[in-house]
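Values reported hereafter were calculated over all heavy atoms of this structure, with side chains retained and with hydrogens, waters and symmetry mates removed.
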Amino acid sequence: MLFRHLLLLATLFIAGHAHALSADEVKGIIFGETEARVEALAKAAVTADEKTAAFIQALADDAVKTSGEKVFVVKDEKAFDPITGAEQPLPPDAEDVINPNLMRSELDNALAAIKLLSKDEKLRSEAIRTLAGESDEARLPLIEKAWAAETVPALKSQLEVMRAAILLGSSDKAKRLDAAALLSASNNPATKTVLIERLGTETDADVKVALQSALTKVQASLAWGDKLGAIFSGISLGSILLLVALGLAITYGLMGVINMAHGELMMIGAYATYVVQGLFQKYLPGAFDWYLLAAVPVAFLASALMGAALERSVIRFLYGRPLETLLATWGISLMLQQLVRSIFGAQNVGVENPVWMSGGVQVLGNLSLPYNRLVIIGFAIAVLLSMAWLISKTRLGLFVRGVTQNRPIASCMGVNTARIDTYAFALGSGIAGLAGCALSQVGNVGPDLGQGYIVDAFMVVVLGGVGQLAGTVYAAMGLGILNKFLEGWTGAVLAKIAVLVLIIVFIQKRPQGIFAMKGRSAEA
């Protein structure tokens with residue numbers, strides 16, 4: 001068949017020397033019967049240069065017109081000669097080139113063949129996707145040469161699966177057995193699909209046994225990847241919950257303030273990150289990849305200042321009155337949401353990942369660790385250690401602990417308790433802003449951002465033990481990992497319900513949480 005001939009010729013492109021597109025090649029590809037055009041396309045693809053590839057791409061994009069025997073490539077409403085690239089006037093009688101389905105398929109295959117050994121990783125990936133799912137042995141030489149030259153593990157793995165899938169369709173029993181043996185060592189998820197499909201059509205008993213054995217090994221390998229993936233997803237979710245809950249560990253755990261506006265303080269941190277991103281895009285585009293380093297302190301200060309203002313204006317009058325505090329902060333949360341809607345609009349805004357946070361690490365065939373998640377996990381650890389040091393080793397932390405444990409005695413010792421309350425609340429609010437900055441890197445930023453995390457954050461603090469940083473860490477990681485494992489069995493909604501039921505049962509049995517508070521405040 002002609003498309004086989006095309007692919008066999010395309011493999012020669014790897015070893016051949018590129019030559020300039022000729023007028024005869026252009027006319028052969030454009031004019032005549034479909035089979036003759038496909039034949040001409042195959043010949044042109046053998047030693048295609050950049051102009052040839054560009055011409056084939058234009059033809060695939062329906063951007064080629066003809067007038068008589070003249071051919072024009074149309075771009076931005078201008079006409080160009082496909083050979084010289086010179087601009088030419090487009091005749092009024094110029095007509096579009098009609099490409100039947102067979103010709104369109106061969107154009108795609110020719111482009112894929114040309115791109116398969118491109119120096120651009122993205123182009124090679126696109127070519128692999130174009131050629132995937134085929135079982136024609138005519139493709140084998142091309143794929144084997146590309147597989148031997150490929151240096152990116154993920155792409156090499158895809159080429160390996162494609163090569164083995166073609167061998168599985170061979171009429172030679174020995175080749176099918178070799179392919180089954182080759183695929184048994186693969187941990188690519190696509191391998192499982194290939195083996196299952198081939199099992200359904202294989203008639204030879206020996207090959208069927210080999211295919212079943214390979215499928216069993218692949219499933220066992222993928223199962224480990226799924227388990228490790230669930231653990232990583234749980235740790236990732238737990239790190240986000242930890243960031244969200246750390247602020248509450250101060251405002252609620254240490255100060256006893258039920259702050260329903262904590263989610264909105266996170267939202268302010270996320271929008272602060274969005275504003276910094278916009279400033280870098282406008283004034284410092286060359287340093288855009290480092291905008292996040294500037295956004296972290298800005299997000300902390302924006303939320304901390306807002307928290308300090310709320311504490312001095314409203315919350316300081318409500319200490320010791322939890323119901324009134326809950327209602328007041330709930331009203332404040334609605335006001336902050338509306339304020340953000342008035343300034344930024346009701347629609348979500350996008351915050352881009354820097355280049356160094358894009359992509360991920362391919363650990364196994366079905367396990368990839370995104371860089372943005374890895375950075376957030378590291379960031380959560382850094383914030384936790386910084387907060388633990390601040391509370392346990394600094395003068396401010398000493399005053400916060402003193403006021404929390406015994407406010408009258410701390411006041412008698414000369415501690416300005418009102419100022420410490422403001423500092424502590426601002427610190428908790430600032431940490432919420434850091435959580436918002438981190439969340440902006442894994443999703444869109446919108447006025448309702450905090451609503452999806454506030455309940456989980458309170459559950460983490462209560463489950464871990466009020467005022468206990470260690471308990472907050474255990475609870476966040478435990479809930480994150482448990483939630484992800486349950487999602488694999490029951491789905492997201494039922495997993496949430498199951499986790500909530502387990503927390504209720506746990507609190508019924510151990511009201512003080514994982515770690516009980518020690519000292520006079522626990523006895524009160």
Locate the shortest heavy-atom distance separating [X] from [Y]; write the atom from each residue and the value.
X	Y	result
Ile240	Ile376	CG1-CG2, 4.1 Å
Arg37	Phe31	CG-O, 3.5 Å
Val445	Ser440	CG2-CB, 3.7 Å
Phe72	Pro89	CE2-O, 3.8 Å
Ala302	Ala272	CB-CB, 4.2 Å
Ile29	Met103	O-CE, 3.8 Å

Side-chain heavy atoms of [X] within contact of [Y], under 4.5 Å:
X	Y	result
Tyr291	Pro354	yes
Lys173	Asp206	yes
Ser233	Arg373	no
Phe288	Val355	no
Asp456	Leu479	no
Leu305	Phe300	no
Val298	Thr273	no
Leu292	Cys437	yes

To the nearest 0.5 Å, what is the distance between [atom1] on [X] and [atom2] on [Y]?
X	Y	atom1	atom2	answer
Met267	Ile454	CE	CD1	12.0 Å
Asn348	Asn444	CG	CG	5.0 Å
Leu211	Leu199	CG	CG	5.0 Å
Ser236	Met477	OG	CE	9.0 Å
Ser213	Leu195	OG	CG	10.0 Å
Thr34	Ile98	OG1	CD1	11.0 Å

Which residue pairs pass the salt bridge (Lys or Arg N to Asp or Glu O under 4.0 Å) test with at least one member in residues 429-453, sequence neighbours excluded?
-> Arg341-Asp448
Single hit among Ile30, Asp81, Ile83 for side-chain contact (heavy atoms from CB on, under 4.5 Å) with Val71 = Ile30
Residue of the set Ile231, Ile235, Leu237 for which side-chain contact (heavy atoms from CB on, under 4.5 Å) holds with Lys484 = Leu237
Between Tyr271 and Phe344, is the ring centre distance below 6.0 Å?
-> yes
Could you give the side-chain donor-acceptor pairs of residues 58-68 under 3.5 Å, partners two or more places apart or in another chain?
from, atom 1, to, atom 2, distance (Å)
Asp61, OD1, Gln57, NE2, 3.2
Asp61, OD2, Gln57, NE2, 3.3
Asp62, OD1, Arg104, NH2, 2.8
Asp62, OD2, Arg104, NH2, 2.9
Lys65, NZ, Asp96, OD1, 2.4
Ser67, OG, Asp93, OD1, 3.0

Between [X] and [Y], is there a donor-acceptor pair closer than 3.5 Å when you use the side chain of the first and the backbone of the second?
X	Y	value
Ser184	Lys217	no
His262	Val244	yes
Asp172	Ala174	yes
Glu202	Asp204	yes

So, Asn353 versus Gln441: side-chain donor-acceptor pair below 3.5 Å or not?
-> yes
Residues Gln451 and Glu264: side-chain donor-acceptor under 3.5 angstrom | yes
Could you walk me through whether Leu242 and Leu384 pass the side chain to side chain contact (heavy atoms under 4.5 Å, CB included) test, one step at a time?
-> CA-CA 8 Å; Leu242 177 61; Leu384 172 65; 4.3 Å; yes
Dump the intermediate steps for side chain to side chain contact (heavy atoms under 4.5 Å, CB included) on Leu243 and Phe379, then the final yes or no.
-> CA-CA 9 Å; Leu243 279 173; Phe379 182 64; 3.9 Å; yes
Going through the distances and angles, do Leu279 and Leu284 end up as a side chain to side chain contact (heavy atoms under 4.5 Å, CB included)?
-> CA-CA 7 Å; Leu279 293 175; Leu284 295 170; over 6 Å; no
Residues, nucleotides or ligands: over 12 heavy atoms within 6.0 Å of Tyr274 OH | no
Take atom NZ in Lys70; do more than 12 heavy atoms of anything else shown fall under 6.0 Å from it?
-> no
